[in-house]
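Below is one structure, written out as structure tokens; the observations come after it.
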Protein chains: 2
Amino acid sequence: MKPIKYSTEDRIHVAVDCIIFGFDGQELKALLIHRKMDPGLGVWSLMGGFVKIDESLDEAAVRILHSLTGLDNIYMEQLHSYGAVHRDIGGRVISVAYFALINIEDYEEQVLDEHDARWVPLNELPDLIFDHKQMVQDAHQRLRQKVANHPIGFALLPEKFTLPQLLSLYEAIYDAPIDKRNFSRKMLSLGILKKLAEKEKSSSRKGAFFYVFDQEKYEKLSNEGLSFI
Amino acid sequence: MKPIKYSTEDRIHVAVDCIIFGFDGQELKALLIHRKMDPGLGVWSLMGGFVKIDESLDEAAVRILHSLTGLDNIYMEQLHSYGAVHRDIGGRVISVAYFALINIEDYEEQVLDEHDARWVPLNELPDLIFDHKQMVQDAHQRLRQKVANHPIGFALLPEKFTLPQLLSLYEAIYDAPIDKRNFSRKMLSLGILKKLAEKEKSSSRKGAFFYVFDQEKYEKLSNEGLSFI
DNA sequence: CCAAAAGTGTTATAGATACACCCATGC
DNA sequence: GCATGGGTGTATCTATAACACTTTTGG
């Protein structure tokens, strides 16, 4: 770290807040906690923390996500920075929001209790502290845009997933029904899904074939912009 | 301002840097200055400044834009926050980048000299300080996405503009030729341009009709997403 | 044999693309 | 009358949207 050469005035707390999305097969959910510090102790909140002087914004986001979920190598993207003067009643804090997509099955029940955290469906959001509800809504909006053109939805599903599961995910994200014939034709025509011989048998007698996302094929194709959905 | 309740550790300089776009009828340009402070005095740079403790990020962006251009009520949008630990050699500084679209004719030559500023075509960018070149490239990319779906390109043109001018603008933004018949059909079919009786006569003998962007019509239509171009 | 979910094909429509000629005017 | 840029129409193709029946199999 180089010595600080700028004046020490005008330095500001910078926080990172994480909108963590999960999908349980039915609904799109966000991981919320009860805030563990004053002001606002106990109020519903996103997971967050201050950026340390010797870590980048991205590193802070990874650290904060890890501290709540125990997970690494998670899809994460910077959303927006929130900088209203009085957005945090504890003092001047600028917050850089990140959103993350995790496979909800990877998330341990026990960690939920340790952090007093809960998965909450997006259409049943309680009041959140500060501007966190706005952040969740902005993240949801961004997710909708993004999954339409980028293969990131898979991060919300297990590694092996079925087309009906993928369809349900998109319907949950858009909160709208999607025609399954058009959907599967389009998804498969992108050429980035690898069909497995194995079937998922728990949700129907017939069983649905598993697929995996083929990262390599995708990178070959995606010299910019396939269109999903 | 409420008293600071959080510890004074971990406070960080937060800067705003502005990518200011202009269009001279031919090329898309960015407004660059020679940096006026150490470290990096004299190096090509974006216009920027530290966020003050009692102003929001958006306010800081407006202030900084105004200080360089004298302009108010300018289209401006937050782009991204840049937070690598050593991105600024003068100390730990997180930068929130904003991009602005201005009508280059509104910008006074004299202000250029006062600030040692210059309009530089995007494909002739010199080396810029820190990560500013990345910021310009990210902003250009975002502008491309945005003008495809939102009526913000008009902010780069005079209030009254012709279809050929608008076409040139889009061609400059995408750095690609666009068919003028398809373009004007599509633009006009959106129903957000008002044709004036008056013609622009300086660039052709026949003259091209002026249009103005019809904000009201747009707001009526745009309960989400027209598709431009 | 039946209930439940998986899988599959065709038609209609809208939007995108490609393409070339006439028009109006100042000189 | 001619050079210059402005303006316009049509045909093709591709992508999307709408829509319903057959298949599989565990019980």
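The chains referred to below are lettered A, B, ... by the order of the sequence lines, with proteins before strands, and numbering in each begins at 1.
- For residues 137-158 of chain A, the set of pairs meeting the salt bridge (charged side-chain N to carboxylate O under 4.0 Å, His left out) definition, not counting sequence neighbours, comprises Glu77(A)-Arg142(A), Glu77(A)-Lys146(A).
- With sequence neighbours excluded, the residues that form a salt bridge (charged side-chain N to carboxylate O under 4.0 Å, His left out) with Asp131(B) are Arg87(B).
- Contacts classified as ring pair (Phe, Tyr, Trp, His ring centres under 6.0 Å) and involving residues 97-122 of chain A (residues at least two apart or in different chains) are given here: Tyr107(A)-Trp119(A).
- Lys201(A) has its NZ atom 10 Å from the P atom of dG27(D), to the nearest Å.
- Every residue meeting the salt bridge (charged side-chain N to carboxylate O under 4.0 Å, His left out) condition with Arg63(A), not counting sequence neighbours, appears here in chain and number order: Glu55(A).
- Side-chain N/O atoms of Lys186(A) include none lying less than 4.0 angstrom from OP1 or OP2 on dA15(D).
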Can you check each nucleotide of nucleotides 4-14 of chain C against protein heavy atoms at under 4.0 Å and return B for base, S for sugar-phosphate only, - for none, in 5' to 3' order? -BBBBBB----

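- Separating the CD1 atom of Ile178(B) from the C1' atom of dC19(C) is a distance of 17 Å, rounded to the nearest angstrom.
- Counting only residues at least two apart or on different chains, the side chain to side chain donor-acceptor pair (under 3.5 Å) pairs with a member in residues 153-169 of chain B are Lys160(B)-Glu198(B).
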